[in-house]
Amino acid sequence: MLDKAFDPASMESRLYAASEASGAFGAHPESNSQPFTVVIPPPNVTGSLHIGHALNNTLQDVLVRYRRMQGRDALWMPGMDHAGIATQMVVERLLGAQGKTRKELGREAFVDRIWEWKAESGGSITRQLRRLGASLDWPRERFTMDAGLSKAVIEVFVRLHKEGLIYRDTRLVNWDPVFQTAISDLEVESRETKGQIWTLRYPIEGEPGRFILVATTRPETMLGDTAVAVHPADPRFADLVGKKAVLPLTGRAIPIVADAYSDPEKGTGAVKITPAHDFNDYDVGRRHDLPMPTVLDAEARIWLGEIAGELRAVEGVSDPEFVRSLAGLDRFEARKQIVAELERLELFEKVEAHANTVPHGDRSGVPIEPRLTLQWYCDAATLAKPAIEAVETGKTEFVPKQWENTFFAWMRDIQPWCISRQLWWGHRIPAWYGPEGSLFVERDEETAKAAAKAQFGRDVELTRDEDVLDTWFSSGLWPFSTLGWPEQTPELAKYYPTDVLVTGFDIIFFWVARMMMFGIHIMGEVPFKHVVIHGLVRDEKGAKMSKSKGNVLDPLELIDAYGADAVRFTLTALASPGRDIKLAKARMEGYRAFATKLWNAARFCEMNGIAARPDFDPSAATTPLARWILDGANAAIAEATAALDAFRFDDYASAMYRFTWNSFCDWFVEFAKPVFYGPDGAEKEEVMGAAQHVLGVILRLLHPVMPFITEELWTHLGYGGEASLITTPWPEAVAVRDPTEARVELDGVVRLISEVRAVRAEVNVPPSITTKLLVQGAAPETLARANRWIDAIRRLARVTEIEVLDGAPPKGVVQSVLGEATLLLPLADVIDLGAERARLAKDRVKAEGEVAKVNAKLGNAEFIAKAKEEVIAENRERLANAQAEIARLDAAMARIAS
RNA sequence: GGGCGCGUAGCUCAGCGGUAGAGCACUGCCUUCACACGGCAGGGGCCACAGGUUCAAUCCCUGUCGCGCCCA
């Protein structure tokens with residue numbers, strides 16, 4: 001016998017272990033079944049399961065379990081990402097706690113240390129995914145740094161390099177001074193900051209006493225200024241263009257150039273140009289062929305290496321000694337000293353508060369520093385074209401579709417992707433440098449050496465590029481590298497392209513776009529057919545969850561408290577397309593109750609001797625109750641299937657909730673009770689058969705979202721052995737004899753019972769009081785039906801017997817209208833006439849409103865002329881019904897009055 | 001500044017041309033032999049606002065206001 005309450009904690013680990021051990025999570029490349037492939041968005045090896053992962057992986061698991069039950073050869077590929085910066089950060093911090101630095105350790109030892117760390121504490125998330133119930137094919141688990149994937153990375157790099165799609169270039173990059181590496185545009189976030197804007201006086205060369213006022217938010221970079229720019233159409237500066245200004249502090253003469261970049265409305269209309277430390281200035285510098293001296297080092301400290309030779313002393317303007325004293329100073333400290341020096345020199349005009357957006361490194365959180373460096377780039381624009389086309393032509397579809405616009409907007413304006421990182425943890429770039437600036441990009445050192453030998457005619461010394469690749473380079477290969485590429489494995493042949501990618505909108509650019517570009521270019525096919533984008537999980541007030549706000553819901557704690565099934569069901573039910581999820585614990589309590597409800601319904605079945613009966617033939621069922629619930633189950637199957645096919649997780653969940661609770665528990669089980677408690681026989685046999693059949697359908701339909709409880713009940717009630725539900729076929733509609741007739745029958749009884757209940761409740765009749773039900777004016781079939789269902793009506797409507805009323809109604813009846821019939825409950829002793837009168841009056845007001853509304857419509861000639869036939873007919877019927885109801889309510893009130 | 005999304009019952013959200021829905025919360029009654037994580041019944045909405053299209057608008061169009069996100 002099942003326990004009285006469902007206790008998820010006591011069974012989840014056992015059930016998961018059994019499923020995993022059964023091999024049901026595994027794909028079968030050798031089978032002939034149609035594949036269904038999903039690759040997990042690989043969580044960072046440093047990560048632990050947060051609520052966003054819980055949502056993301058629940059949705060994937062729902063899809064995978066659904067398709068697996070449909071007979072597809074499902075492969076859900078697990079794995080983790082090496083997460084370059086994030087992981088290096090974690091291990092560096094650990095070293096720091098021991099008073100060591102990575103530089104002391106040296107590259108090789110440091111990388112070894114990271115591998116050690118990964119072996120000890122990395123990847124705890126995979127255990128947590130198991131707690132969630134994720135049916136990943138674990139033996140296939142991959143890591144972006146493992147040997148196979150590294151091989152794929154090298155292969156792609158070498159190929160793209162040979163095709164000219166990967167190249168080296170000296171450009172301005174976003175430089176993170178904390179990690180001392182270049183980062184891509186995407187890893188930069190703009191932050192509003194309350195800063196200041198300084199107005200400085202640059203003396204005009206050869207015109208003592210004349211100055212040009214320049215406005216800047218970054219005075220510390222002025223050491224690298226190589227021009228002052230004014231707008232070509234700005235009359236204030238027309239005569240200055242072509243002249244030179246003397247750059248304060250350094251004494252260098254710099255040209256005043258006309259360039260439309262300078263906005264006459266902003267600041268003073270003249271801007272200083274520092275090409276090596278500002279993206280806009282860089283463009284100006286290129287247009288005017290300006291020198292581009294770098295004045296900040298990798299840690300964003302003042303560095304004089306490129307300007308030291310040009311320092312000149314100019315009375316009242318510059319002092320090389322001062323500039324030399326700045327060397328090695330942090331940029332913000334240098335700013336203070338430079339401003340102070342300019343004040344001293346009276347070259348400082350004013351400073352004002354200024355709100356500006358400052359680019360910050362998304363990991364380090366400090367302002368990034370544009371720096372002119374030699375880096376590796378990927379020609380993203382070329383790779384983007386076919387990716388855009390694939391979405392335009394529907395080879396890959398985003399769900400919801402509106403995300404395609406986001407994708408297009410970015411892809412159509414994509415910039416060269418800086419793929420080199422000055423880190424130690426990652427895929428080292430397969431490039432070797434030899435004599436005379438020679439470069440060899442090859443799959444390994446040996447090949448590079450051979451190539452060098454071929455070129456130089458002798459063995460030469462080669463040094464490998466120190467840099468590693470952007471983490472997203474290897475993640476971009478995920479859909480095929482995990483399947484064995486570049487080897488032509490059976491897995492690759494069978495499971496690529498994948499079917500669905502489920503992810504959050506925050507990594508459309510980082511990840512989805514890169515997979516599209518690489519997948520199409522390398523494999524010749526899009527990496528996935530559907531991209532399902534879900535929202536962000538927020539707290540119940542809609543705020544982003546964050547540790548600092550303390551509003552984080554830990555999915556593991558939620559699983560402890562409510563069970564994995566309830567957590568999964570909640571996330572699934574709330575996953576409406578295009579919307580963030582506001583998650584409150586109250587929701588989870590509600591869905592835990594749903595799990596309990598299902599448990600108890602199964603328990604009820606069990607107590608009544610219901611067990612799985614594979615020989616039951618639903619198409620042979622004759623009793624209306626059996627046919628009705630079988631028909632309802634058919635509808636539930638259709639709803640659930642359609643919802644899952646359309647990625648409408650919310651619709652799937654609510655359809656299951658409604659059918660299980662409202663149809664099966666509230667009505668079917670209640671109607672079945674008189675049958676179960678009655679004599680044995682064909683009817684009982686059949687209703688029991690229908691009960692076990694429909695419960696089996698419910699368990700199967702719910703399995704994708706609630707794998708634990710369904711598996712437990714499935715086994716317990718004898719539908720199948722341990723861990724068998726997961727591979728049981730998805731239910732299909734069964735033939736049901738004359739379902740319409742069954743619906744008319746049962747829906748009629750439901751309406752009758754509901755009406756009697758409502759009337760009783762409204763005049764405050766306690767359930768302990770039972771009464772006769774008098775029926776007036778009922779059609780013969782209505783009466784016959786009521787009599788057929790007398791047992792259920794007795795139980796559910798607190799009625800003792802049903803009598804036809806021909807003559808005048810007795811005094812003190814409570815009346816109600818149901819279709820053509822009037823229902824009367826003799827409750828003279830119990831009810832309060834005032835309450836009854838009020839009730840009738842209220843119903844009458846409602847009916848009058850209806851009459852007025854419909855009358856107005858039908859009285860409109862244009863409505864009659866232009867509206868659809870069925871709409872007009874429907875309104876005529878509504879009018880007739882409402883008028884009849886008014887007549888009967890009036891009659892009822894007249895009787896009370898008498 | 002450009003783009004996208006959202007404003008529907010107290011809350012969280014479906015619906016998106018033809019009688020306004022769900023869950024939770026709330027109110028009343030009920031410890032009825034699966035379940036009080038329960039049963040039954042009920043109250044609660046100018047569908048943000050203003051125009052327009054239409055026989056008919058919560059739904060389509062335009063604008064306004066408010067909220068959120070992305071990009072510059």
Side-chain angles (χ1 to χ4, degrees), chain A residues 1-2 4-6 185-186 189-190 357 359 400 402-406 408-410 413 505-506 508-509 535-536 538 540-544 562-563 566 570 573-608 610 648 650-651 653-655 657-658 661-662 665-666 669-670 672-673 676-677 753-768 795-798 846 849-850 853-854 856-868 870-872 874-875 877-879 881-882:
Chain A
M1 173 68 79
L2 290 166
K4 192 168 172 186
F6 170 50
D185 299 345
L186 285 176
E189 50 188 45
S190 296
T357 49
Q402 77 232 16
W403 286 110
E404 290 179 1
N405 292 329
T406 308
F408 289 142
W410 189 67
D413 185 36
F505 57 81
D506 48 329
I508 291 179
F509 304 147
L536 214 66
R538 298 169 174 279
E540 55 195 303
K541 295 185 195 96
K544 249 186 192 169
Y562 304 104
T570 306
L574 298 182
S576 294
R579 218 166 168 135
D580 285 347
I581 291 178
K582 290 182 196 168
L583 189 63
K585 286 191 176 178
R587 296 301 294 253
M588 229 159 271
E589 283 168 24
Y591 292 123
R592 177 184 56 185
F594 175 63
T596 307
K597 186 75 183 176
L598 173 66
W599 182 265
N600 279 296
R603 185 162 174 267
F604 167 81
C605 288
E606 187 191 27
M607 289 168 80
N608 286 281
I610 291 163
R648 283 302 302 260
D650 54 341
D651 287 348
S654 70
Y657 188 98
R658 280 197 316 271
W661 202 315
N662 302 337
C665 294
D666 290 346
V669 164
E670 294 306 326
K673 279 176 182 172
F676 293 162
Y677 301 155
I753 292 168
S754 298
E755 192 56 36
V756 174
R757 280 171 168 175
V759 170
R760 289 175 51 106
E762 281 198 57
V763 294
N764 303 320
V765 182
S768 55
R795 278 182 66 87
L796 302 178
R798 317 295 295 163
K846 213 180 261 175
E850 174 84 351
K853 202 158 123 189
V854 180
K857 228 179 214 185
L858 291 168
N860 182 342
E862 284 195 287
F863 173 72
I864 300 298
K866 295 185 180 168
K868 280 180 279 185
E870 62 263 34
V871 174
I872 297 173
E874 187 191 309
N875 277 280
E877 200 183 323
R878 276 171 60 194
L879 179 63
N881 287 344

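Numbered from 1 within each chain, the chains take letters A, B, ... in sequence-line order. The structure presented is a predicted model; accordingly, all values stated were derived computationally and were not measured.
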- Query: Is B:G10 paired to anything, Watson-Crick or G-U wobble with both distances less than 3.5 Å, and if yes, which nucleotide?
  - Reply: B:C24

- Note on the structure: Of the candidates B:C35, B:G42, B:G18, the side chain of A:Ala758 sits closest to B:G42

- Message: Taking 4.0 Å as the cut-off, does a side-chain nitrogen or oxygen of A:Arg592 come that near to OP1 or OP2 on B:C35?
- Response: no

- Please tell me which of the listed nucleotides, B:A41, B:C55, B:A34, lies nearest to the side chain of A:Met607? B:A34

- What nucleic acid atoms does A:Cys665 come within less than 4.0 Å of, heavy atoms only: base, sugar-phosphate, or nothing? base

- On the ring face of A:Tyr657, is A:Lys597 found with NZ or CZ under 6.0 Å from the centre and within 45° of the axis? no

- Message: Students often get this wrong, so: under 4.0 angstrom with heavy atoms, is A:Phe6 touching a base, only sugar-phosphate, or nothing?
- Response: nothing

- Task: Using a cut-off of strictly less than 4.0 Å, decide whether A:Trp661 has a side-chain nitrogen or oxygen near OP1 or OP2 of B:G39.
- Result: yes

- Starting at the 5' end of RNA chain B and moving along, which residue's nearest nucleotide shows up first, A:Arg878 or A:Arg798? A:Arg878

- Item | N or O in side chain of A:Lys585 less than 4.0 angstrom from B:U12 OP1/OP2 | no

- Task: Using Watson-Crick or G-U wobble geometry with both distances below 3.5 Å, tell me the partner of B:G1, or none.
- Result: B:C71

- Can you tell me the distance, in whole Å, between the OH atom of A:Tyr591 and the P atom of B:C24? 8 Å

- Query: If you look at every strand shown and take non-hydrogen atoms under 4.0 Å, does A:Phe594 touch a base, only sugar-phosphate, or nothing?
  - Reply: nothing

- Item | C1' spacing across the pair B:U19 / B:A56, given as an integer number of angstrom | 13 Å

- Query: When rounded to the nearest Å, what value does the distance between C1' atoms of B:G45 and B:A34 take?
  - Reply: 36 Å

- Could you give the distance separating B:G63 and B:G2 at their P atoms, to the nearest angstrom? 12 Å

- Task: Check every strand shown and say whether A:Glu850 touches a base, only sugar-phosphate, or nothing at a heavy-atom separation below 4.0 Å.
- Result: base

- Can you tell me how far C1' of B:C71 sits from CG of A:Asp185, to the nearest Å? 12 Å

- Query: Is there a donor-acceptor pair closer than 3.5 Å between any side-chain N or O of A:Glu189 and the backbone N or O of A:Pro359?
  - Reply: no

- For A:Asp580 and A:Gly535, indicate whether the former's side chain and the latter's backbone hold a donor-acceptor pair under 3.5 Å. no

- Message: Using the side-chain heavy atoms of A:Asp666, tell me which of these nucleotides is nearest: B:C13, B:G23, B:C40.
- Response: B:C40

- Return no unless some side-chain N or O of A:Ser576 is found under 4.0 Å from OP1 or OP2 of B:A14. yes

- Query: Separation of A:Lys857 atom NZ from B:A56 atom P, in whole Å?
  - Reply: 11 Å

- Whole-Å distance separating the CZ atom of A:Arg760 from the C1' atom of B:C29: 11 Å

- What nucleotide among B:A34, B:A14, B:A41 has an atom nearest to a side-chain atom of A:Ala761? B:A41

- Query: A:Asn662 has an atom CG; how far is it from atom C1' of B:C24, in whole Å?
  - Reply: 14 Å

- Message: I need the CD-C1' distance between A:Glu589 and B:A25, as an integer number of Å.
- Response: 12 Å

- Message: With hydrogens left out and only the distance checked, is there a donor-acceptor pair under 3.5 Å joining A:Lys597's side chain and the base of B:C35?
- Response: yes

- Message: Does B:A34 have OP1 or OP2 under 4.0 Å away from a side-chain N or O of A:Lys673?
- Response: yes

- Message: Could you check whether atom CD of A:Gln402 has more than 12 heavy atoms from other residues, nucleotides or ligands sitting under 6.0 Å from it?
- Response: yes

- Task: In whole angstrom, give me the gap between the P atoms of B:G21 and B:U32.
- Result: 33 Å

- Item | Residue-phosphate contact under 4.0 Å: A:Lys582 side-chain N/O, B:C13 OP1/OP2 | yes

- Message: Within the 4.0 Å heavy-atom criterion, would you say A:Arg587 contacts the bases, only the backbone, or no part of the nucleic acid?
- Response: base

- Message: Under a 3.5 Å cutoff, is there a donor and acceptor pairing between the side chains of A:Arg878 and A:Asn875?
- Response: yes

- Item | Distance test, side-chain N/O of A:Arg648 to OP1/OP2 of B:G15, below 4.0 Å | yes

- To the nearest angstrom, the CD-P distance between A:Gln402 and B:C4 comes to 10 Å

- Message: Suppose we define a pair by two distances each less than 3.5 Å, Watson-Crick or G-U wobble; what does B:G38 pair with here?
- Response: B:C30

- Nearest of B:G18, B:A34, B:G23 to any side-chain atom of A:Val871? B:G18

- Given that both distances must come in under 3.5 Å, which nucleotide forms a Watson-Crick or G-U wobble pair with B:U62? B:A50

- Task: State the pairing partner of B:G44; accept Watson-Crick or G-U wobble contacts with both distances under 3.5 Å, and report none otherwise.
- Result: none

- Task: Would you classify A:Ala867 as touching base, sugar-phosphate or nothing, given that sugar-phosphate means primed atoms plus P, OP1 and OP2, and contacts are heavy atoms under 4.0 Å?
- Result: base

- Item | Length of the line joining A:Phe509:CZ and B:C4:C1', which is rounded to integer Å | 11 Å

- Is there a salt bridge (Lys or Arg N to Asp or Glu O under 4.0 Å) between A:Arg592 and A:Glu589 once you walk through the steps? CA-CA 5 Å; A:Arg592 177 184 56 185; A:Glu589 283 168 24; 5.3 Å; no

- Item | Nearest-Å distance once atom C1' is located in both B:U54 and B:G18 | 12 Å

- Task: Taking atom P in both B:C35 and B:A22, compute the distance separating them and give it to the nearest angstrom.
- Result: 27 Å

- Query: Should A:Phe863 and A:Val871 be marked as a side chain to side chain contact (heavy atoms under 4.5 Å, CB included) after you check the CA-CA gap, both sets of side-chain angles, and the distance that decides it?
  - Reply: CA-CA 10 Å; A:Phe863 173 72; A:Val871 174; 4.0 Å; yes

- Select base, sugar-phosphate, or nothing to describe what A:Glu670 touches, counting heavy atoms under 4.0 Å on all strands. base

- Note on the structure: Taking B:C55, B:A41, B:G23 as options, the one with an atom nearest any side-chain atom of A:Glu862 is B:C55

- Task: Identify, between A:Arg795 and A:Pro767, the residue whose nearest nucleotide on RNA chain B lies closer to the 5' end.
- Result: A:Pro767

- Can you tell me if A:Asn608 uses its side chain to pair, donor with acceptor, with the backbone of A:Phe604 under 3.5 Å? yes

- Message: Under 4.0 Å, counting only non-hydrogen atoms across every strand here, what does A:Ala593 touch: a base, just sugar-phosphate, or nothing?
- Response: base

- Message: Over all strands shown, is A:Val854 touching base, sugar-phosphate only, or nothing at heavy-atom distances under 4.0 angstrom?
- Response: nothing

- Query: For A:Asn405, which contact category applies under a 4.0 Å heavy-atom criterion: base, sugar-phosphate, or nothing?
  - Reply: nothing

- Task: Quick one: label A:Lys4 by what it contacts on the DNA or RNA (base, sugar-phosphate, nothing), any heavy atom closer than 4.0 Å.
- Result: sugar-phosphate

- C1' atoms of B:G23 and B:G17, separation to the nearest Å: 27 Å

- B:A25 to B:C11 separation - P atoms, rounded to the nearest Å: 15 Å

- Any ion pair linking A:Asp650 and A:Arg648 (charged N to carboxylate O, less than 4.0 Å)? yes

- Query: Would you say the side chain of A:Ile610 lies within less than 4.5 Å of the side chain of A:Glu606, judging by non-hydrogen atoms?
  - Reply: no

